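Okay, so here's the structure we're looking at.
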Number of protein chains: 2
Amino acid sequence: MGAMARAATTSDAFNAIAEPQRRDILALLRAGERPVTELARELGMSQPGASKHLRVLREVGLVRVRGVGKQRLYGLDARGLRPVHEWVGGFERFWSGSFDRLDAYVQDLKQERQGE
Amino acid sequence: MGAMARAATTSDAFNAIAEPQRRDILALLRAGERPVTELARELGMSQPGASKHLRVLREVGLVRVRGVGKQRLYGLDARGLRPVHEWVGGFERFWSGSFDRLDAYVQDLKQERQGE
DNA sequence: TTGACGCATACCAATATGGGAATATGATGG
DNA sequence: CCATCATATTCCCATATTGGTATGCGTCAA
């Protein structure tokens with residue numbers, strides 16, 4: 001019951017994709033299933049390293065595994081990214097087009113003043 | 001140099017938004033600027049807690065500050081979320097519509113086999 | 001059964017948290 | 001200059017990584 005640390009990487013997709021190498025793995029898997037060793041080689045990481053990242057991705061459901069002989073083929077299951085996309089999308093109007101930085105700034109100010 | 005730990009939360013937007021409370025702060029700031037204490041109160045966190053999260057958000061450029069008298073008004077600067085949205089958007093075809101889980105799975109297999 | 005191969009785990013080191021409490025810092029109003 | 005309000009920082013703690021390296025384990029081929 002003492003202090004807390006950062007949330008586990010396995011807690012949700014947001015945490016899982018915070019790690020660059022895991023994002024690389026997901027991106028690579030868009031091209032199709034891959035066995036661990038191949039992933040490791042293509043991404044320049046150690047085999048244990050790849051396995052560990054894959055474990056995290058598996059625990060949040062972003063990849064699934066399929067045993068084929070000695071190999072374990074990892075495949076993408078991007079459904080878990082949808083909530084992330086939607087959450088971030090909720091900010092789209094704040095970065096797109098006519099709403100440049102200064103505009104947004106001023107807008108916010110106006111809104112703020114009106115509220116009081 | 002020795003082992004590494006998790007990337008800093010201040011390293012990029014992906015890491016910054018991995019923390020739920022920081023996401024809450026960003027979401028709240030869409031309604032307009034807020035002073036620290038108000039943010040803390042509305043989100044049920046301590047003042048130091050809010051300040052610390054705001055510091056992280058500031059360091060990755062997702063919020064900006066403006067001093068107004070004794071207060072410091074924090075405002076949203078969502079531009080940094082755009083790359084995140086785009087990266088995640090790159091997976092859209094894998095979760096949307098006709099591409100349900102099993103379909104995607106089979107598709108991947110086919111693509112894989114063709115590639116060899 | 002025995003190797004060999006592919007992968008997952010265990011263990012260790014070094015580090016980055018996130019929360020609470022206490023305290024320092026800053027700006028404002030008298 | 002001082003008391004005060006609003007924030008930022010500092011400490012301390014327990015925890016959760018990420019990256020090696022070594023090793024366990026399951027499957028397949030002889």
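Protein chains get the first letters and strands the later ones, always in sequence-line order, with residue 1 at the start of each. This is a predicted model, so every value here is computed, not measured.
- By the side-chain hydrogen bond (donor to acceptor under 3.5 Å, both in side chains) test, B/Thr10 is found to be paired with no residue, residues two or more places apart in sequence or in another chain being considered.
- By the 4.5 Å heavy-atom criterion applied to side chains, A/Val60 and A/Asn15 are not counted as neighbours.
- A/Arg72 is linked by a side-chain hydrogen bond (donor to acceptor under 3.5 Å, both in side chains) to nothing, counting only residues two or more places apart in sequence or in another chain.
- Distances shown here put every side-chain N or O of A/Ser46 at or beyond 4.0 Å from the OP1 or OP2 atom of D/dG19.
- Distances shown here put a side-chain N or O of A/His53 below 4.0 Å from the OP1 or OP2 atom of D/dG19.
- Side-chain atoms of A/Glu19 lie closest to D/dG19 of the nucleotides C/dT17, D/dG19, D/dA16.
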Under 3.5 Å, which donor-acceptor pairs do the side chains of residues 41-50 of chain A form with other protein atoms, sequence neighbours left out?
from	atom 1	to	atom 2	distance (Å)
A/Glu42	OE2	A/Arg34	NE	2.9
A/Ser46	OG	A/Gly49	N	3.0
A/Gln47	NE2	A/Ser51	OG	3.2

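- Place A/Ala7 and A/Gln21 on DNA chain D by their nearest nucleotides, and A/Ala7 ends up nearer the 5' end.
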Whether each nucleotide of nucleotides 2-10 of chain D has a protein heavy atom under 4.0 Å at its base (B), only at its sugar-phosphate (S) or at neither (-) is summarised, 5' to 3', as ---BSBBBB

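- Of the two residues near DNA chain D, A/Met45 and A/Gly69, the one whose nearest nucleotide lies more 5' is A/Met45.
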Do any side-chain atoms of residues 85-92 of chain A form donor-acceptor pairs under 3.5 angstrom with protein atoms, and if so which ones, sequence neighbours left out?
from	atom 1	to	atom 2	distance (Å)
A/His85	NE2	B/His85	NE2	3.3
A/Glu86	OE2	A/Arg82	NE	3.3

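- For the salt bridge (Lys or Arg N to Asp or Glu O under 4.0 Å) test, residues two or more places apart in sequence or in another chain that qualify with A/Glu59 are A/Arg55.
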